[in-house]
Amino acid sequence: MPDTPASPEPASTVLVITAHPQMEQSRINRRMMRSASTLAASAAGPVVVRDLYSLYPDYLIDVAAEQALLADASLVVWQHPIHWYSMPPLMKLWVDDVLSFGWAYGPGGTALRGKDLWLVATTGGPEDSYHPESYNRYFFDAFLPPYEQTAALCGMRFLPPLLLHGAHRADDTQIEAHTSLFADRLSTYPRWPELDELLYGLTRHVPEDARPEEPITEPVLKENA
Ligand SMILES: Cc1cc2nc3c(=O)[nH]c(=O)nc-3n(C[C@H](O)[C@H](O)[C@H](O)COP(=O)(O)O)c2cc1C
């Protein structure tokens, strides 16, 4: 008797949250967003793109809509230029509003548990400026803990970021190669070579009642009696 052909695995949904306050002036993030949007339109993979500054010019985020898209996603991508060693303000507001207590963390806050978070960012500073002896003073990794810990608190796995440093000096060939790599990863998730090698995962248990905003009742340093 012939083997029954295995039914294809359902493709994982990829949600790209992109934020650039001047997307029309962008050389790199705009190209990357367009490339993700082309994938979304071609149905090559179930990719959904949310361009926050065009969706929410008034900064009034539709939390229910964003949460519904997140609930369907396996991979959540945060794609943005680095601004002041962090994310642009509307991206931060999206995090504040959408990753809410009781939904993303805290009691019953399990909506994002088991999903992957992938930071895709560009910097103006070249890679060698992110060094203790250069003007950015720290290796770029030093700016990642808030992202990593946000993922951990929500029970997500933080994937190795895709970074393009020295954005202003990147030429067309570099931008094209970077954009192609980005599109390739979006369309082949979760079959990425680097995922097999990931040594870290969901190793920390986050208590259900963890509330970062709760006031600290004990002083951290006590004066000598
Ligand atoms: C308000 C603002 C803050 C920025 N802060 C940083 C920064 O902290 N570190 C850095 O390397 N580049 C910084 N840049 C440069 C941007 O990261 C760079 O312009 C961007 O990555 C280029 O991508 P694009 O072509 O998509 O605009 C900043 C730019 C602006 C406008």
Side-chain angles (χ1 to χ4, degrees), residues 7-21 23 29-30 32-80 86-121 146-159 161-162 182-183 185-192 195 201-202 206-213:
S7 52
E9 280 181 32
S12 303
T13 301
V14 172
L15 177 63
V16 181
I17 309 292
T18 182
H20 193 310
M23 190 66 94
N29 284 279
R30 185 166 55 146
M32 295 172 76
M33 181 188 72
R34 280 194 180 151
S35 155
S37 302
T38 304
L39 279 177
S42 73
V47 177
V48 175
V49 179
R50 305 288 282 172
D51 175 5
L52 295 187
Y53 280 90
S54 81
L55 282 167
Y56 304 119
D58 51 7
Y59 278 51
L60 295 172
I61 292 173
D62 183 341
V63 172
E66 297 300 320
Q67 289 183 341
L69 289 168
L70 277 169
D72 279 349
S74 302
L75 172 66
V76 180
V77 183
W78 289 351
Q79 185 225 326
H80 64 77
S86 182
M87 55 182 69
L90 186 52
M91 180 90 227
K92 178 59 166 56
L93 184 65
W94 181 96
V95 174
D96 290 354
D97 286 359
V98 179
L99 306 191
S100 56
F101 177 71
W103 188 83
Y105 69 100
T110 57
L112 300 175
R113 198 172 282 177
K115 299 179 188 295
D116 283 336
L117 179 65
W118 191 33
L119 172 65
V120 175
Y147 292 92
E148 292 172 357
Q149 179 52 22
T150 300
L153 190 73
C154 299
M156 301 175 86
R157 184 169 62 161
F158 187 70
L159 304 185
L162 177 66
F182 175 57
R185 288 295 185 270
L186 293 183
S187 58
T188 60
Y189 173 85
R191 298 179 309 281
W192 296 358
L195 286 190
L202 307 178
V206 179
E208 280 222 323
D209 59 352
R211 297 195 60 173
E213 74 270 28

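Sequential numbering from 1 along the given sequence is applied to the chain's residues.
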Contacts of L69 meeting side chain to side chain contact (heavy atoms under 4.5 Å, CB included) (sequence neighbours excluded), chain-then-number -> L15, V48, R50

Can you tell me how far NE2 of H20 sits from CG of L52, rounded to the nearest 0.5 angstrom? 13.0 Å

For V47 and A36, the nearest pair of non-hydrogen atoms, with its separation, is CG1-O, 4.0 Å

Which distance, rounded to the nearest 0.5 Å, do you find between the OG1 of T18 and the CE of M32? 8.5 Å

Qualifying residues under side chain to side chain contact (heavy atoms under 4.5 Å, CB included), relative to P146, sequence neighbours excluded: none

Contact check, side chains of P88 and W94, non-hydrogen atoms, under 4.5 Å: no

Does a side-chain heavy-atom distance below 4.5 Å link T150 with F158? no

So, using side chain to side chain donor-acceptor pair (under 3.5 Å) as the criterion, who are the partners of S54 when residues are at least two apart? D51

Any donor and acceptor pair, going by atom type alone, linking the side chain of W118 with main-chain N or O of L75 inside 3.5 Å? no

Mind checking side chain to side chain donor-acceptor pair (under 3.5 Å) for Q67 and listing every partner two or more places apart, or none if nothing turns up? S100

Taking every non-hydrogen atom, the tightest pair across V76 and M156: CG2-CE, 3.9 Å

If we check side-chain contact (heavy atoms from CB on, under 4.5 Å) with V120, which of these qualifies: V16, L162, L186? L162

Could you list the residues that satisfy side chain to side chain donor-acceptor pair (under 3.5 Å) with H80, not counting sequence neighbours? Y147

Quick one: list whatever passes side chain to side chain donor-acceptor pair (under 3.5 Å) with T110, sequence neighbours left out. none

So, for C154 and L99, which heavy atoms are closest and what is the spacing to 0.1 Å? SG-CD1, 4.4 Å

Quick one: list whatever passes side chain to side chain contact (heavy atoms under 4.5 Å, CB included) with R34, sequence neighbours left out. R30

Under the 3.5 angstrom rule, does the side chain of Y105 hit a backbone N or O of A210 as a donor-acceptor pair? no

May I ask you to test the D116-P190 pair for a side-chain heavy-atom distance under 4.5 Å? no

Applying ring-ring contact (aromatic ring centres under 6.0 Å, His included), can you list everything that pairs with W103, at least two apart in sequence or on another chain? none

To the nearest 0.5 Å, tell me how far L39 CG sits from F182 CZ. 8.5 Å

Once side chain to side chain contact (heavy atoms under 4.5 Å, CB included) is applied, do any residues pair with S86, and if so which ones, sequence neighbours excluded? none

If you round to the nearest 0.5 Å, how far is OG1 of T38 from CE of M33? 10.0 Å

Taken to the nearest 0.5 Å, the spacing of W78 CH2 from M91 CE works out to 5.5 Å

Show every donor-acceptor pair shorter than 3.5 Å between a side-chain atom in residues 57-65 and any protein atom, with sequence neighbours excluded, or say none if there are none.
unit_1	atom_1	unit_2	atom_2	d
D58	OD1	L60	N	3.1
D62	OD1	A64	N	3.4
D62	OD1	A65	N	3.1

Has the side chain of K115 got a donor or acceptor atom that lies under 3.5 Å from a matching backbone atom of A71? yes

By the salt bridge (Lys or Arg N to Asp or Glu O under 4.0 Å) test, which pairs, at least two apart or in different chains, include something from residues 88-109? K92-D96

Across all chains, not counting sequence neighbours, the ring-ring contact (aromatic ring centres under 6.0 Å, His included) partners of Y56 are none

